[in-house]
Amino acid sequence: MKIATWNVNSLRVRLPQVVDWLEVHQPDILALQETKLSDEEFPQEAFGDRGYRAVYSGQKTYNGVAILCRQEPQDIVTDLPNLEDPQRRILGIRLGDICLLNLYVPNGSEVGSEKYVYKLDWLARVKDYLQEALAEYPKFIVLGDFNVAPGDGDVHNPEIWHETILCSTPEREALKKILDLGFHDSFRLFGQEGQSFSWWDYRGGAFRRNWGLRIDLILISKALVPKCTGCAIDKEPRCLQRPSDHAPVIATFA
DNA sequence: ATGGTCGTGAAACGA
């Protein structure tokens, strides 16, 4: 089984790349973030024609999440009972005894800003939800654009990024509280090449210089750890013309 | 590195 996540930064623009990528990699599940499409505009046929069911929670211009999968998804969740949020950033499904939560965590703009406070509160509420959900469904996957680099090893230059947005201690603590529920960062279960990132700024030739951060994560519950056989970042789509600023991440399971 | 980039949507704003 292959499960992937990709912040596409506009599914309208990236649709041909996503379709190509699906055909090459054949994941069982692909979680998308920043689709930037209303549900009426979602290109369901492009995926249906290729054997994927699609669920989505979209909005115009900003945010928007979707899940493409081979199996019929059940128990679709777009809003958490403890988190009232007009921004479409959350999409949960159940596939048999496995639950999956796709997140587009708020960016937070700047440490100390109003958006930063919203981000930390948002993460705390997601944590509370996951605590209950995990108790009911021990096989759980939380994946997406977390907009937090878990540690300095996930940052090209920790001195430049020290206590800045995506790397500040409160953001990392909020992420750690989710991990402490019993989740593992699948990427770190395996040996990786030094300096692996999933996002590079469009500006300043950041990708060419490998000035990136690893902020796109696939967290798996303890029950799934023995099943997980690998996790990798696919940098290839980031090399294409008109790329997303994020690369897809894929976890494989026996 | 503090944007010399994108995406959206038609000017700034968000990332």
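Per chain, numbering begins at 1; letters A, B, ... match sequence-line order.
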Whole Å only: how far is the CZ atom of R12(A) from the P atom of dG7(B)? 12 Å
Whether R242(A) contacts dG7(B) is assessed here as follows: a side-chain N or O lying under 4.0 Å from the phosphate OP1 or OP2. Is that the case? yes
Is there a side-chain polar atom (N or O) of S10(A) under 4.0 Å from OP1 or OP2 of dT8(B)? yes
Salt bridge flag under 4.0 Å for residues D79(A) and R88(A): yes
Looking only at side chains, do S38(A) and Q59(A) share a donor and an acceptor under 3.5 Å apart? no
Length of the CD-P vector between E110(A) and dG14(B), whole Å: 11 Å
Once you round it to whole Å, what is the distance between P of dA15(B) and CG of N63(A)? 7 Å
Do V142(A) and I178(A) sit in the same hydrophobic cluster, where Ile, Leu, Val, Met, Phe, Trp and Tyr count as joined when their side-chain heavy atoms come under 4.5 Å apart? yes
Verify the contact: side-chain N or O of T61(A) to OP1 or OP2 of dG9(B), cut-off strictly under 4.0 Å; return yes or no. yes
Separation of dT5(B) P from R208(A) CZ (nearest whole Å): 12 Å
Can you name the nearest heavy-atom pair linking L219(A) to F183(A), along with the distance? CB-CB, 4.1 Å
Distance between P atoms of dT8(B) and dT2(B) (Å, rounded): 26 Å
Under 4.0 Å from OP1 or OP2 of dG7(B): is there any side-chain N or O of R14(A) that close? yes
dG4(B) to dG9(B) separation - P atoms, rounded to the nearest Å: 23 Å
For Y202(A) and H156(A), find the nucleotide of DNA chain B closest to each by heavy atoms; which residue's nucleotide sits nearer the 5' end? H156(A)
When rounded to whole Å, the CD to P distance for the pair E114(A) and dG14(B) reads 11 Å
E159(A) has an atom CD; how far is it from atom P of dA1(B), in whole Å? 12 Å
If you assign I160(A) and N147(A) each to the DNA chain B nucleotide with the nearest heavy atom, which residue ends up on the more 5' nucleotide? I160(A)
Can you tell which of dA1(B), dG3(B), dT8(B) lies closest to the side chain of R203(A)? dG3(B)
Once you round it to whole Å, what is the distance between P of dT5(B) and CZ of R209(A)? 12 Å
Under 4.0 Å: is that the gap between some side-chain N or O of K60(A) and OP1 or OP2 of dT8(B)? no
Pick base, sugar-phosphate or nothing for W199(A), based on heavy-atom distances below 4.0 Å to the nucleic acid. nothing
Rounded off to whole Å, could you give me the CD-to-P distance for the Q241(A) and dT5(B) pair? 15 Å
Atom P, compared across dA1(B) and dA12(B): separation rounded to whole Å: 29 Å
Flag the pair R12(A) and E41(A) as a salt bridge only when some basic side-chain nitrogen lies within less than 4.0 angstrom of an acidic carboxylate oxygen. yes
